[in-house]
Q: 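Pasting a structure here, questions to come.
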Amino acid sequence: MVRDDKNDLVYRTAAEKWQAVIADLRDCQQRGQPVLVGTTSIEVNEFLSARLTQENLPHQVLNAKQHAQEAQVITQAGLPGAITIATNMAGRGTDIVLGGNISRELDALADDPAALDARKAEWQKVHNAVLAAGGLHIIGTERHESRRVATQLRGRAGRQGDAGSSRFYLSLEDQLMRIFGGERLSSIMARLNMPEGEAIEHAMVNRSLESAQRKVEQRNFDIRQQLLEDDDVANDPRRVIYQQRNELLEVQDISAGIRGMREQVLNTLFALHVPTGSLVEQWDLAGLETALKGEYLLDLPLQTWVTTDDTLDEEALRNKILAAANAVYAEKETLAGENLRAFEHGLLLQNIDSHWREHLAAMDHLRQGIHLRGYAAKNPKQEYKREAFELFETMLDTISREVTQLTLTVQVRTEADVEAVTPREAVSNLQYQHDAFDAAAEEDSALAEDAVPAATSPVHREGPKIGRNDPCPCGSGKKYKQCCGKLS
């Protein structure tokens with residue numbers, strides 16, 4: 001590899017840097033040396049292209065937008081005096097042939113040996129001229145945060161033993177220089193009274209820049225590692241949810257799972273009002289009755305059961321409640337049949353999907369602020385894992401509770417129930433709906449009239465105008481302003 005990697009040139013201002021870049025490009029074009037300019041963004045591409053247009057320097061711009069077209073352009077970036085501006089991502093994977101790529105032309109002349117040899121000889125002259133001019137020259141307009149990108153940009157020249165060169169132009173106003181000691185270096189250049197347009201060129205500057213790049217790379221690596229660890233925390237719940245969802249899609253009858261959810265939810269509710277190992281006097285049977293009736297429509301006389309049966313202990317009471325809930329649900333299964341299976345299937349699937357979306361949003365919110373736990377002398381990673389597990393457990397409990405509540409409170413209507421509605425009741429229901437609809441329509445119309453002022457016509461007075469101090473025409477003897485005029 002014979003490429004000449006020159007030291008970076010560091011200027012005080014960005015304007016000085018761009019002047020030096022344009023001067024280098026003009027010199028290379030006059031000598032017939034092809035140049036590839038690497039930038040860090042499309043905005044810099046367009047800015048440099050506008051400057052070169054003002055300087056009457058012909059060039060090509062690649063913004064990684066039209067891949068097929070740009071691949072054709074980059075193959076000809078090795079022509080004598082060609083200037084190609086590209087982002088660090090543009091043109092990768094396409095070899096830059098010094099003297100231009102004529103493979104398509106050679107394929108077209110395959111049937112004409114004489115013309116083929118003549119074209120090869122012509123290309124060889126151009127190739128030798130480019131080699132004599134120094135090969136492909138690489139210009140970097142800014143140091144990237146990653147050394148790999150700069151190395152790849154330099155590697156576009158000096159391929160397969162060809163000649164080439166590379167140089168990076170920097171300024172103290174670049175982002176990387178501002179972060180790492182740009183102000184200190186600027187003050188040093190000011191104290192040395194360096195003239196405008198003078199650059200710093202030393203291997204020590206290159207080493208300091210590489211050190212800054214290593215720090216940024218280490219920081220980015222830590223960020224990616226932290227993201228990976230956070231994703232591992234969410235991976236186990238994701239695997240559980242997707243496994244349950246796949247099993248749900250494959251199985252049609254999930255009555256056993258619904259029954260297990262129902263027993264789990266009722267056991268949890270029972271434990272809240274009847275603590276384990278407590279005395280009968282400590283049981284909150286009234287609260288348990290209210291909760292069962294209000295949330296699950298289970299009207300059970302728990303206090304009567306306990307007072308009439310002295311042998312009814314904690315476990316027996318729990319089993320009796322579960323048996324009553326299962327009996328209520330069994331009646332619905334008898335009435336609905338297979339329709340209830342489809343209802344259970346759709347209900348559970350919908351609950352899992354909606355609560356999983358809410359869980360992901362909660363996890364994202366937790367991850368954004370978990371680093372603040374460090375101010376409380378707590379390990380943010382451990383706190384994130386603990387709270388993520390608690391959120392997942394809460395989500396599973398919420399799904400079970402809502403599914404149990406909906407399955408126990410759903411009402412099954414049979415055809416006999418529908419036919420039992422008398423015509424008079426049906427008519428009264430329809431009349432009630434019709435009246436309600438009319439009332440809503442009138443209210444909307446009134447709101448619309450209030451919102452849009454109606455057009456008013458001028459008032460025409462029949463008699464002469466009454467002054468405020470004139471006697472009131474009603475005959476009271478008072479002034480108009482103190483009588484009828486006061487009311488108006």
Side-chain angles (χ1 to χ4, degrees), residues 3-28 35-55 57 59-65 70 74 77 83-92 136-157 164-186 189 194 196-220:
R3 185 183 66 239
D4 182 16
D5 294 328
K6 302 177 182 179
N7 292 327
D8 298 351
L9 295 180
V10 182
Y11 293 86
R12 187 174 181 181
T13 63
E16 298 176 31
K17 178 185 73 171
W18 292 120
Q19 291 177 1
V21 170
I22 293 174
D24 194 0
L25 290 173
R26 188 183 299 278
D27 176 67
C28 291
V35 185
L36 175 63
V37 184
T39 61
T40 56
S41 64
I42 295 178
E43 290 79 9
V44 178
N45 263 13
E46 296 173 350
F47 169 78
L48 183 56
S49 176
R51 291 289 301 270
L52 295 183
T53 302
Q54 295 176 358
E55 299 291 337
L57 291 175
H59 59 281
Q60 294 283 349
V61 181
L62 305 181
N63 287 334
K65 293 181 178 179
E70 294 179 359
I74 201 69
I83 298 177
T84 307
I85 306 174
T87 58
N88 292 321
M89 289 298 296
R92 288 186 181 179
L136 180 65
H137 183 51
I138 303 295
I139 292 180
T141 59
E142 188 177 343
R143 279 282 189 172
H144 199 272
E145 292 182 352
S146 174
R147 291 171 296 166
R148 174 180 57 84
V149 177
T151 303
Q152 288 178 342
L153 181 59
R154 292 184 190 273
R156 302 310 300 271
S165 58
S166 66
R167 186 189 288 278
F168 277 79
Y169 290 85
L170 313 175
S171 74
L172 300 182
E173 297 177 357
D174 294 343
Q175 181 178 2
L176 192 66
M177 297 294 292
R178 287 201 312 268
I179 297 175
F180 295 95
E183 296 180 357
R184 181 172 55 86
L185 192 57
S186 177
M189 295 175 70
M194 295 186 63
E196 184 177 355
E198 190 73 20
I200 296 178
E201 180 182 2
H202 199 277
M204 182 184 66
V205 176
N206 294 359
R207 290 193 296 269
S208 63
L209 287 174
E210 291 180 358
S211 176
Q213 287 175 314
R214 281 194 294 269
K215 293 179 181 178
V216 176
E217 290 173 359
Q218 182 62 38
R219 176 178 175 274
N220 294 336

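On a predicted model such as this, the values are computed, not experimentally measured, just so you know.
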Q: Heavy-atom distance under 4.5 Å between the side chains of T84 and R156, does that happen here?
A: no
Q: Does N7 offer a backbone N or O that forms a donor-acceptor pair with the side chain of R167 under 3.5 Å?
A: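 Yes.
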Q: Minimum heavy-atom separation for S171 to T13, with atom names?
A: CB-O, 3.4 Å
Q: Working to the nearest 0.5 Å, report the span between CD1 of I138 and CD of Q152.
A: 12.5 Å
Q: Counting only heavy atoms not in E173 (residues, nucleotides, ligands), do more than 12 fall under 6.0 Å from its CD?
A: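 Count over threshold, so yes.
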Q: Measuring from atom CG of L36 to atom SG of C28, what distance do you get when rounded to the nearest 0.5 angstrom?
A: 11.5 Å
Q: Do V37 and H59 come within less than 4.5 Å of each other through their side chains, counting heavy atoms only?
A: no
Q: Can you tell me how far CG of L52 sits from CG of L25, rounded to the nearest 0.5 angstrom?
A: 6.0 Å
Q: Check whether any side-chain N or O of T141 sits under 3.5 Å from a backbone N or O of G38 as a donor-acceptor pair, and report yes or no.
A: yes
Q: More than 12 non-hydrogen atoms from neighbouring residues, nucleotides or ligands closer than 6.0 Å to CZ on R219, yes or no?
A: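 Incorrect, the count does not exceed 12.
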Q: State, to 0.1 Å, how close R51 and Q19 come at their nearest heavy-atom pair, and which atoms those are.
A: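 Looks like NH2-CG, 4.4 Å.
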Q: Which heavy atom in A77 sits nearest to a heavy atom in L136, and how many Å separate them?
A: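 Nearest pair, atom of A77 first, then L136: O-CD1, 4.2 Å.
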Q: Would you compute the distance between atom OH of Y11 and atom CG of L172 and round it to the nearest 0.5 angstrom?
A: 12.0 Å
Q: Taking all heavy atoms of L153 and all of G140, pick out the closest pair and write down the distance.
A: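 That closest heavy-atom pairing would be CD2-CA, 4.1 Å.
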Q: For R3 and G155, which heavy atoms make the closest approach, and how far apart are they?
A: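 Heavy atoms of R3 and G155 come nearest at NH1-CA, 3.8 Å.
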Q: May I ask you to test the D174-K17 pair for a side-chain heavy-atom distance under 4.5 Å?
A: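 Yes, close enough: below the 4.5 Å cut-off.
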Q: Give, for atom CG of L9 and atom CZ of F168, the distance between the pair rounded to the nearest 0.5 Å.
A: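 If we round to the nearest 0.5 Å, L9:CG and F168:CZ are 12.0 Å apart.
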Q: Flag the pair R143 / T40 as yes when at least one side-chain heavy-atom distance between them is below 4.5 Å, and no otherwise.
A: no
Q: Working to the nearest 0.5 angstrom, can you tell me the gap between I139 CD1 and S166 OG?
A: 10.0 Å
Q: Please answer whether the main-chain N or O of R147 pairs with a side-chain N or O of T151 as donor and acceptor at a distance below 3.5 Å.
A: yes
Q: Looking at every non-hydrogen atom in both residues, tell me the closest pair between G164 and A157 and how far apart they are.
A: CA-CB, 4.4 Å
